[in-house]
Amino acid sequence: MKGSLWRRAFLVKLTHAPNARLLTGSISGRNLKILDVGCGTGCISLELSRMGHDVLGLDLNERMIEIATRTKKTKDSGSGKLQYEMADFDKWSGTAGAYDAVIFSRVLHDLPDPENALLKAHRLLKSRGRILCLEYAYNMMDKKTATWLYQIRKPLELQDWYSSPHLPDDPGKGVDLIMHEAVTGRKQHINTFEEMIRPLKRLFHQETFSWHPYHFWDVLSDMRIPNPRIEERLATMVKKLEEFLLGTGEIQPALFLYKGTNVPQVAGTE
């Protein structure tokens with residue numbers, strides 16, 4: 001985990017912890033049965049089980065399931081049932097109408113067919129069950145946002161505090177490269193915001209929708225400052241700056257939270 005945001009506790013507090021709170025805070029009710037698709041290291045599943053819910057976490061990555069299973073041992077006594085399973089959600093079969101909530105946390109954008117994945121989630125949910133999607137919309141990147149990222153990344157790079165590929169000294173070329181990295185230069189298809197939100201709105205009744213800061217995750221992931229105190233202060237500043245710029249409409253958001261209900265009869269509108 002040394003190469004990830006889990007390498008320092010304060011980086012986890014700035015990134016994974018707020019995302020976990022967004023999802024756990026969106027769950028209402030007691031003793032629910034919850035499916036966590038793409039559970040990763042299992043931190044969200046673990047917190048939900050500590051709240052008293054029965055949780056099944058699925059992930060295709062064997063290493064992530066190993067970490068989640070080890071972390072499970074830290075679970076407080078008296079909490080809900082917690083299980084992990086290595087599985088491809090597209091091929092995995094569960095019992096129809098078995099779950100009170102299905103969670104996709106930064107995984108739907110990677111699934112080959114988001115429409116079919118959400119259809120399966122719709123089938124797995126009970127009537128009035130809830131879908132929660134915390135998802136990365138990479139194609140929302142624009143030049144203003146890329147310019148801000150260049151202004152953050154380039155000085156870090158000049159201090160040898162950044163591990164990502166070199167950015168050109170020319171700001172115009174640097175901004176174009178960031179845009180290319182984020183949007184047009186991807187080797188594998190990642191689902192766009194439209195490809196995710198369209199089936200969400202078609203299959204579920206929307207309860208809430210909100211945007212949240214996320215560009216700073218990439219900065220913090222590749223930032224390497226030898227002095228932990230300075231790294232923590234700078235990491236906090238970058239996150240706060242993104243929050244401010246999002247609030248003033250200066251840059252585009254990238255992370256959205258969708259909460260919807262599985263109603264008995266879904267309207268066919270988008």
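If you're wondering where the values come from, they're calculated on a predicted model, not measured in any experiment. Count residues from 1 along the sequence.
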Does [X] reach the main-chain N or O of [Y] with its side chain, forming a donor-acceptor pair under 3.5 Å?
X: Lys259; Y: Ser26; value: yes
X: Asn262; Y: Lys126; value: yes
X: Thr15; Y: Trp217; value: no
X: Tyr258; Y: Leu200; value: yes
X: Lys120; Y: Asp90; value: yes
X: Asn191; Y: Leu111; value: yes

Assess whether a salt bridge exists between [X] and [Y], defined as any Lys/Arg side-chain N lying under 4.0 Å from an Asp/Glu carboxylate O.
X: Asp176; Y: Lys143; result: yes
X: Glu242; Y: Lys239; result: no
X: Arg229; Y: Glu232; result: no
X: Glu157; Y: Lys154; result: yes
X: Lys33; Y: Asp100; result: no
X: Glu231; Y: Arg7; result: yes
X: Asp160; Y: Arg224; result: no

[X] to [Y] - nearest heavy-atom pair and separation:
X: Tyr214; Y: Ala254; answer: CB-CB, 4.3 Å
X: Glu195; Y: Ile190; answer: OE1-O, 4.2 Å
X: Gly38; Y: Val107; answer: CA-CG2, 4.1 Å
X: Arg202; Y: Leu119; answer: NH2-CD2, 4.4 Å
X: Val238; Y: Phe216; answer: CG1-CB, 3.8 Å
X: Pro226; Y: Arg8; answer: O-NH2, 4.3 Å

Taking atom CD of Glu62 as the centre, does the number of heavy atoms from other residues, nucleotides or ligands within less than 6.0 Å exceed 12?
->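 Result for CD/Glu62: open.
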More than 12 non-hydrogen atoms from neighbouring residues, nucleotides or ligands closer than 6.0 Å to CZ on Phe209, yes or no?
->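 Enclosed: over 12 neighbouring heavy atoms sit under 6.0 Å from CZ of Phe209.
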Treat each ILVMFWY residue as a node, draw an edge where side-chain heavy atoms are under 4.5 Å apart, and state whether Leu60 and Ile67 are in one component.
->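 Different clusters.
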Distance from [X] atom [atom1] to [Y] atom [atom2], nearest 0.5 Å?
X: Ser45; Y: Ile34; atom1: OG; atom2: CD1; answer: 8.5 Å
X: Thr184; Y: Asn139; atom1: OG1; atom2: CG; answer: 12.0 Å
X: Leu11; Y: Thr236; atom1: CG; atom2: OG1; answer: 8.5 Å
X: Leu158; Y: His166; atom1: CG; atom2: NE2; answer: 8.5 Å
X: Leu257; Y: Ser105; atom1: CG; atom2: OG; answer: 9.5 Å
X: Ile44; Y: Ser49; atom1: CD1; atom2: OG; answer: 12.0 Å

Does Phe89 have its ring centroid less than 6.0 Å away from the ring centroid of Phe104?
->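 Centroid distance Phe89-Phe104: below 6.0 Å, so yes.
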Going through the checks in order, is the side-chain contact (heavy atoms from CB on, under 4.5 Å) test met by Lys144 and Gln252?
-> CA-CA 8 Å; Lys144 275 190 175 182; Gln252 289 284 350; over 6 Å; no
Taking it one step at a time, do Leu255 and His215 satisfy side-chain contact (heavy atoms from CB on, under 4.5 Å)?
-> CA-CA 8 Å; Leu255 187 73; His215 296 293; over 6 Å; no
Among Arg128, Glu207, Gln206, which one satisfies side-chain hydrogen bond (donor to acceptor under 3.5 Å, both in side chains) with Thr261?
->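 Testing Thr261 for a side-chain hydrogen bond (donor to acceptor under 3.5 Å, both in side chains) against Arg128, Glu207, Gln206 leaves exactly one candidate, Glu207.
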Can you find a pair of side-chain heavy atoms, one from [X] and one from [Y], that are under 4.5 Å apart?
X: Leu48; Y: Leu23; result: no
X: Leu82; Y: Leu56; result: no
X: Thr71; Y: Thr41; result: no
X: His212; Y: Leu22; result: yes
X: Arg130; Y: Leu125; result: no
X: Met51; Y: Thr24; result: yes
X: Tyr138; Y: Thr192; result: yes
X: Val219; Y: Leu156; result: yes

Under the side-chain contact (heavy atoms from CB on, under 4.5 Å) rule, what do Ser127 and Val263 come out as? Steps first, then yes or no, please.
-> CA-CA 6 Å; Ser127 176; Val263 293; over 6 Å; no
Ring geometry between Tyr99 and Trp92 (parallel below 30°, tilted from 30 to 60°, perpendicular above 60°) |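 Trp92 vs Tyr99 ring planes: tilted.
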So His109 and Tyr136, would you call those rings parallel, tilted or perpendicular, with 30° and 60° as cut-offs?
->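 Plane angle over 60°, so perpendicular.
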Asp142 and Thr145: side-chain donor and acceptor closer than 3.5 Å?
->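 The criterion, which ignores hydrogens and geometry beyond distance, is satisfied for Thr145 and Asp142.
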Establish, from distance only, whether the side-chain atoms of Trp6 and His16 form a donor-acceptor pair under 3.5 Å.
->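 Their side chains do contain a donor-acceptor pair, which is all the 3.5 Å distance test asks for.
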Where do Ile251 and Thr147 land on the side-chain contact (heavy atoms from CB on, under 4.5 Å) test, with the steps shown first?
-> CA-CA 9 Å; Ile251 63 173; Thr147 300; over 6 Å; no
Criterion salt bridge (Lys or Arg N to Asp or Glu O under 4.0 Å) on Arg50 and Glu47, from CA distance to verdict | CA-CA 5 Å; Arg50 284 173 171 162; Glu47 291 306 313; 2.7 Å; yes
